[in-house]
Amino acid sequence: MPELPEVQALVDFLRERTSGLAIIGVELGSVSVLKTYDPAPSSLQGLPITGIARHGKFIDLEAEGLHLVFHLARAGWLRWSDTLAATTIRPGRSPIALRCRLSDGSGFDLTEAGTKKRLAAYIVRDPAEVPGIARLGPDPMAGDFTEAGFAALLEGRRTQVKGLLKDQGFLAGVGNAYSDEVLHAARLSPFALASSLDEEQVHRLYAALRETLAGAVRAASGKPAKDLKDAKRAGMRVHGRAGEPCPVCGDVVREVSFADSSLQYCATCQTGGKPLADRRMSRLLR
Ligand SMILES: [Zn+2]
């Protein structure tokens, strides 16, 4: 899933490519992709693109007061074409979820792999009409996101810090991959309770959050859409690297599995050398 750094890079990429262009048409490959019905997709036709913005993991393409907003979800992606195919996509007959055609013949497709279709698009007059945007917490890359503000958010939250970092209502833009990376950089257990972190740990977590995301934004910036997935994978130190050596201490990267996700961490760096319980693993070993 693209998270803040990749979505930011997509936004920067689109800003550069769509400058001065107008929307010629928005075609849907599946009716369920579009979560709004008014304004209709046809109302975007002919409108010049006036802005591109990121809200958490949402991309917002503005055309004279109307917003085409989309969220790529777990298996969605944006595929840019300098010359978009002339064929019109039709609901139910295409692996493409949404196609946006631009005035110089270029444009992009939103695609989604797998059978669970979660990719969502909205056409609204105000991005805050999108429920997922309305409930977003602060953006960790915003200039006014301070350590004191972050500490105040954590205070009294008797929630595991891993889950909290991924919660879009708590913090906008961080998902499963970067939360693993941030916690590894901060040398904190994913299961530590947010409310139990001391000042020094909050400081480490804040610094790791800002540095990890800023580094990933730098690494992703300027890359074409098609290269972002590989760039993200290449930058990961523990996420998705179970069984490989930790680049900091050389211990093996471990994993905890849940019903539909998993987390990776280094026991030496993060949990005082003690492996975390993995219910799936203990079931297998019983
Ligand atoms: Zn380590």
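None of the values given here were measured: they were computed from a predicted structure. Just so you know, ligand 1 is whichever comes first in the structure, and atom 1 is the first atom listed for that ligand.
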Next on the checklist: Only to 10 degrees, please: what angle do the SG atom of C269 and the SG atom of C266 make about the Zn ion (ligand 1)?
Outcome noted: 110°

Checklist entry - Once the angle between the rings of F145 and F150 is folded into 0 to 90°, is it parallel (under 30°), tilted (30 to 60°) or perpendicular (over 60°)? => result tilted

Next on the checklist: Keeping S189 on the side-chain end and T271 on the backbone end, is there a donor-acceptor pair under 3.5 Å?
Outcome noted: no

Checklist entry - Which one of F108, F58, W77, Y122 satisfies the ring-ring contact (aromatic ring centres under 6.0 Å, His included) criterion with F70? => result F108

Item to check | Angular separation of SG (C246) and SG (C249) seen from the Zn ion (ligand 1), to 10° | outcome: 110°

Checklist entry - Between D180 and K166, is the closest basic N to carboxylate O distance under 4.0 Å? => result no

Checklist entry - Of the backbone and side-chain N, O or S atoms of H184, does one lie nearer to the Zn ion (ligand 1) than 2.8 Å? => result no

